[in-house]
Amino acid sequence: MGQSITRKIIGQHLKEGEPMAGSPVAVGIDQTLTQDATGTMAYLQFEAMGIDRIRTELSVSYVDHNTLQNGFENADDHRFLQSFASKYGLFFSKPGNGICHQVHLERFGVPGKTLLGSDSHTPTGGGIGMLAIGAGGLDVALAMAGQPFHLTMPKVVQIRLTGSLKPFVSAKDVILEILRRLTVKGGVGKIMEYSGPGVASLDVPERATIANMGAELGATTSIFPSDEKTRLFLRAQDRESSWIPLAADPDAVYDETLEIDLSALEPMIAKPHMPDQVVRVADLAGTKVQQVAMGSCTNSSFRDLSVISQMLRGKRVHPDVSVALAPGSRQVVRTLMDRGEWRSIVDSGIRILENVCGPCIGMGFSPSSNAVSLRTFNRNFEGRSGTKTAGVYLCSPETAAAASLTGVITDPRTLGASVAPPALPDRFPVDDAMILPPSADPGKVEVLRGPNIKPLPVKEPLPGRLSGEILLKVGDHVTTDHIMPAGAKVLPLRSNVPALAEFVFEAVDPTFAKRAKAAGGGFIIGGVNYGQGSSREHAALAPMFLGVKAVITKSFARIHLANLINFGIVPLTFVNEADYDRFEQGDEVEIDVTGLKAGLKAGPGAGSGGTALTLKNRTRGFDVSLTHSLSERDIALIRAGGALAYAKRSS
Ligand code: MIC
Ligand code: SF4
């Protein structure tokens, strides 16, 4: 039976389990990456494991999120990260060198290898045929310590591409169309594997855009073949020796298949406040736009910026639109300079930001009140931009450039201009001056810590009975941005959990932290796809610090579920989704977890055979059945009080 690329790579890296969809597996990790907003915590956790050197083939620590430095906190963290990398054997990409996913693709990614990153958009590496997965920082720390990554074997979905993109339609429109069809939970428990004749028409940066935003489908990852286009990309990066060909067998078997005819696509746009609220750009044409933001790990490659430059050449941005651009990397900027394309961008009146995440994570450039903001980014969750009343729309670089010129949402095909998406240069201007290799003399390196770095909170082992109050009840698709907001005010506190915890659920209920502390912790009730979005383990760690004991939902997003387990919070689901309606905030509830066992399957009908748990509503006097999808290992972690306590105990 023929194999998909996914199954080949997993087969080569399998450490435990059977790679059958739905079964627990453990996969060896070749490379890791972290960014600063999740990295500081990951490295503190690595230190707590007492290992003196990383055990991966390659690990890289990037600084790209927290770069505003409006106070000592970020700068102290950068110093910590740099000295840690030097001592423990990691490469360190300095702030301003670029966004982790873009730089990793350029300088480190290798087809056929596994990459675990403490950022949900790590799947960008799927653009060059890596099996690249986003995870919480603790899982990345464990991988750096040489441990395999544990996950439930996903289904493998074939996305078969035919045809080729028409002018002014680009990779972003492909993934927006897939989001339109599958929604933000359509990829949960799945790996999206691209194939078909249309793949060859896409260059690596375009593939990376599609793989990147597979995260918004909730997919475990997305992967493209490694072919001649991949070889040329790696050659242009002076890394041809890293190339291997990688393709699915012609008779490969997939769990599901989706067909996309690239030739039939047109410019698409996601409306506020979810990436799957996708319509045709033409349907919104004429809507007045106050702000345009270009960049992010989805759309900041030289290909995208070259197209923007071509569309703006000899023109000025509309006087009523505030336009900014954060390039993906220093290499992207240099490439544009060498091609003579940087000048049109500067001349057009665009505000040039650093080569970092910037506005994508609310670090500056927040829109004005009630603004329409068009962004080439991947997430438009309410308030993420820093302005709760703004409406953020997600679109391609072509559509963003068109609106910058006209001041209204504009189908770029109607501008009557022509652009030629650039061919890959023979050689990119490679310069790794901002990537520092680890020290040759690690014994002499001191890890530097500032006062913002506070000790890691630890949790006690799980007691037999959990009881307390329902602290909060939320609806469907709650994101980690709701649970643990980011942005310029909160992000600098990522290595200071007591201070950070004050902001848990701030936008949903500003009294949450105070109430949780006063009640001595309690429970959260959630709807479908609870915890979608980012990999930030702080969305589990900070609630754990506030005493949250269990989260009970209709269903969970993958990375957040793993993070809850890693921090000893019990994640449970209703056997009957309708029971969700029977609980209110403030109800006193109780669960006996002494019988928590593996082998239950979440969903209707699960838990038969008397193994389901009972959630007692003491306020209203009734019981309902709960289930879970926890493996033996997950339960052992939860019982120990989290993964760190478990790792320490078993080492
Ligand atoms: C995001 O896009 O939400 C982030 C910020 O990159 C997060 C990581 C974080 O919260 O630090 C992610 O996607 O994992
Ligand atoms: Fe950075 Fe935005 Fe990408 Fe997250 S989604 S890594 S914040 S650019």
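Numbering of ligands and ligand atoms starts at 1, following listing order.
Nearest protein heavy-atom contact of atom 2 (Fe) of ligand 2 is Cys360 SG, 2.3 Å. Residue, atom and distance of the protein heavy atom nearest to atom 3 (Fe) of ligand 2 are Cys297 SG, 2.3 Å.
Residue-level proximity to ligand 1 for Ile361 is carried by the side chain, the only part with a heavy atom below 4.0 angstrom. Neither the backbone nor the side chain of Arg379 has a heavy atom within less than 4.0 Å of ligand 2.
Taking all heavy atoms of Arg536, Met484, Arg384 into account, the minimum distance to atom 10 (O) of ligand 1 is reached by Arg536. The option with the heavy atom closest to atom 5 (C) of ligand 1, from among Glu537, His101, His65, His538, is His65. Considering only non-hydrogen atoms, atom 4 (Fe) of ligand 2 lies nearest to His65 out of Arg375, His65, Gln35.
Counting atoms of ligand 2 from 1 in the listed order, those under 4.0 Å from a heavy atom of Asp119 are 6 (S). The atoms of ligand 1 that sit less than 4.0 Å from any heavy atom of Thr38 are 9 (C), 11 (O). The contact set between ligand 2 and His101, taken as ligand atoms under 4.0 Å from a residue heavy atom, comprises 6 (S). The Ser535 neighbourhood of ligand 1 comprises atoms 12 (C), 14 (O), with distances under 4.0 Å to a heavy atom of that residue. For ligand 1, the atoms lying closer than 4.0 Å to a non-hydrogen atom of Ala37 are 11 (O). Contact atoms of ligand 2 toward His121: 5 (S) (distance under 4.0 Å to a heavy atom of the residue). Taking every heavy atom of Asp119 and a limit of under 4.0 angstrom, the matching atoms of ligand 1 come to 4 (C), 6 (O), 7 (C), 8 (C), 12 (C), 13 (O), 14 (O). Heavy-atom proximity to Arg379, at under 4.0 Å, picks out these atoms of ligand 1: 1 (C), 2 (O), 3 (O), 12 (C), 13 (O). Which parts of ligand 2 touch Asn378 is read off a 4.0 Å heavy-atom cut-off, strictly below it: atoms 5 (S).
In this structure, Phe428 has its ring center under 6.0 Å from that of Phe302. A ring-centre distance under 6.0 Å is not found for Phe80 and Tyr43.
Using modelled atom types, one side-chain atom of Thr480 and one backbone atom of Ser534 make a donor-acceptor pair closer than 3.5 Å. A donor-acceptor pair under 3.5 Å links the side-chain atoms of Thr114 to the main chain of Asp30, judged by distance alone.
Heavy-atom separations between Gln35 and ligand 1 include at least one value shorter than 4.0 Å.
Between Lys172 and the options Asn299, Asn378, Thr399, a side chain to side chain contact (heavy atoms under 4.5 Å, CB included) holds for only Asn299. When each of Val292, Leu374, Ile345, Ile308 is tested with Val323 by the rule side chain to side chain contact (heavy atoms under 4.5 Å, CB included), just one qualifies, namely Val292.
Among the backbone and side-chain atoms of Cys357, none of the N, O or S atoms lies under 2.8 Å from atom 2 (Fe) of ligand 2.
A donor atom on one side chain and an acceptor atom on the other are not found under 3.5 Å apart for Gln290 and Ser368. Ser301 and Arg303 share no donor-acceptor pair across their side chains, judged by distance under 3.5 Å alone.
Summarising the local packing, CZ of Arg351 is surrounded by 12 or fewer heavy atoms from other residues, nucleotides or ligands at distances under 6.0 Å.
In this pair, Phe505 and Tyr530 present their aromatic rings tilted. The plane angle is within the 30 to 60° band.
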